[in-house]
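Remarks on the structure that follows.
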Amino acid sequence: MDSRPSRTPVAAADVDQAVRLALATLTDALTADWRTTAFGLEWDCWETLEHLADGLFAYAAQLAPARPPLDDYVPLRWQRDRPEGPASVIFVDRAVGPAGLLQALDAGGGLLAAMVRTAAPQVRAFHSYGVSDPEGFAAMGVVETLVHTHDVAAALGLPWNPPADLCDRALARLFPEAPADTDRWPTLLWSTGRADLPGHDRRTFERWHSEPL
């Protein structure tokens, strides 16, 4: 029997909310220089958001087959635009500008939310951190969206402070070991190795708990 305290599961609506909030914030930077290096990363802001859109699409793709793969990712062709850049399936033509990149993010979020809504709870699919369920992929999409929006927003000088309840649901699903008595957004940044948390040693991110709780 699971001895963890009761929690509210992460749902498709949480993916929708995270992406909507990200789009609302990043739309204020359409005229910024997206070649700026993202905060704490080796990628520029464009690559970071492209990686996010690609990740949301990839999570949806894992859940989509009638028999989702349990031992590997759906065999799509990953590649890099440059050796130091992220490996992705989805690339956006830079000629369309940041507005087109945000549209790709919107599409990736919509696809993941749709798959989470339609996949049966007992569905399982491969992730390198452990075979996961639809809720797990929703939570992964939320965390990816919140932290990579942070990486871009911090580099472009945009405020970004996602809601505590959204962070709390993602933390409870993917980081059940995280302290429960601390502010939720700083705790999520700490959990992913992006910030200090008073009273706790600095954490180096290695993986989250993608397996069903």
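When a residue number appears, it is its place in the shown sequence, counting from 1. Worth saying up front: this structure is predicted, and the values here are computed from it rather than measured.
Between His150 and Phe39, the distance from one ring center to the other falls under 6.0 angstrom.
Other residues, nucleotides and ligands contribute at most 12 non-hydrogen atoms within 6.0 Å of the CD atom of Glu206.
No side-chain donor-acceptor contact under 3.5 Å links Thr37 and Arg35.
Here the side chain of Arg203 pairs a donor or acceptor atom with the backbone of Ser191 at under 3.5 angstrom. Counting only distance, with no hydrogens or angles, the side chain of Glu135 and the backbone of Val10 share a donor-acceptor pair below 3.5 Å. Judged by distance alone, with hydrogens and angles left aside, the side-chain atoms of Arg184 form a donor-acceptor pair with the main-chain N or O of Thr182 at under 3.5 Å. A side-chain donor-acceptor contact under 3.5 Å links Thr36 to the backbone of Asp33. The main-chain N or O of Gln122 is found under 3.5 Å from a side-chain atom of Arg124 such that the two form a donor-acceptor pair.
The stretch residues 62-81 participates, sequence neighbours left out, in these ring pair (Phe, Tyr, Trp, His ring centres under 6.0 Å) pairs: Tyr73-Trp78, Tyr73-Phe126. Sorted by first and then second residue, the salt bridge (Lys or Arg N to Asp or Glu O under 4.0 Å) pairs with a member in residues 50-70 form an empty list; sequence neighbours excluded.
A chain of hydrophobic side-chain contacts below 4.5 Å, direct or via other Ile, Leu, Val, Met, Phe, Trp or Tyr residues, connects Leu112 to Leu166. A single hydrophobic cluster is seen to contain both Val123 and Tyr129, as judged by linkage of ILVMFWY side chains at heavy-atom distances under 4.5 Å, directly or through other members. The same ILVMFWY cluster, assembled from side-chain heavy atoms under 4.5 Å apart, contains both Trp46 and Leu30. Using a 4.5 Å cut-off between side-chain heavy atoms of Ile, Leu, Val, Met, Phe, Trp and Tyr, with links allowed through other members, Phe57 and Val143 fall into different hydrophobic clusters. Under a hydrophobic-cluster definition in which Ile, Leu, Val, Met, Phe, Trp and Tyr are linked whenever side-chain heavy atoms come within less than 4.5 Å, directly or via other members, Val74 and Val89 are assigned to the same cluster.
With rounding to the nearest 0.5 angstrom, the CG atom of Leu23 is 11.5 Å from the CG atom of Asp28. To the nearest 0.5 Å, atoms CH2 (Trp160) and CG (Leu189) are separated by 11.0 Å. Note that the NE2 atom of His209 and the CG atom of Leu174 stand 9.0 Å from one another [nearest 0.5 Å]. How far OG1 of Thr149 is from CG of Leu21: 9.0 Å, rounded to the nearest 0.5 Å. The line from CD of Gln17 to CG of Leu146 is 9.0 Å long, rounded to the nearest 0.5 Å. Atom CZ of residue Arg82 and atom CD of residue Glu42 lie 8.0 Å apart, to the nearest 0.5 angstrom.
Listed by chain and number, the residues in a ring-ring contact (aromatic ring centres under 6.0 Å, His included) with Phe205 are Trp208 (sequence neighbours excluded). Applying the ring-ring contact (aromatic ring centres under 6.0 Å, His included) criterion to Trp43, with sequence neighbours excluded, gives His51.
The shortest distance between side-chain heavy atoms of Val19 and Leu56 falls below 4.5 Å. Here the side chains of Met115 and Pro134 are not in contact, with every heavy-atom distance at 4.5 Å or above. Residues Ser88 and Gln79 are not in side-chain contact: their nearest non-hydrogen atoms beyond the backbone lie 4.5 Å or more apart. You'll find the side chain of His148 reaches within 4.5 Å of the side chain of Leu41, heavy atoms only.
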Side-chain polar contacts of residues 92-104 - donor-acceptor pairs under 3.5 angstrom, sequence neighbours left out - could you list them?
| from | atom 1 | to | atom 2 | distance (Å) |
| --- | --- | --- | --- | --- |
| Asp93 | OD1 | Ala95 | N | 2.9 |
| Arg94 | NH1 | Asp44 | OD2 | 3.4 |
| Arg94 | NH2 | Asp44 | OD2 | 3.1 |

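Ring planes of Tyr59 and His127: tilted class, angle from 30 to 60°.
With Arg173 as the partner, the side-chain hydrogen bond (donor to acceptor under 3.5 Å, both in side chains) test is satisfied by one option alone out of Asp14, Asp133, Asp168: Asp133.
Under the 4.5 angstrom side-chain criterion for Ile, Leu, Val, Met, Phe, Trp and Tyr, the cluster partners of Trp190 are Leu197.
Here the closest heavy-atom approach between residue Ser132 and residue Pro212 is recorded as CA-CD, 4.3 Å.
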Go through Arg207 and Glu177 one step at a time and tell me if the salt bridge (Lys or Arg N to Asp or Glu O under 4.0 Å) criterion holds.
CA-CA 12 Å; Arg207 55 165 289 166; Glu177 76 286 356; over 6 Å; no

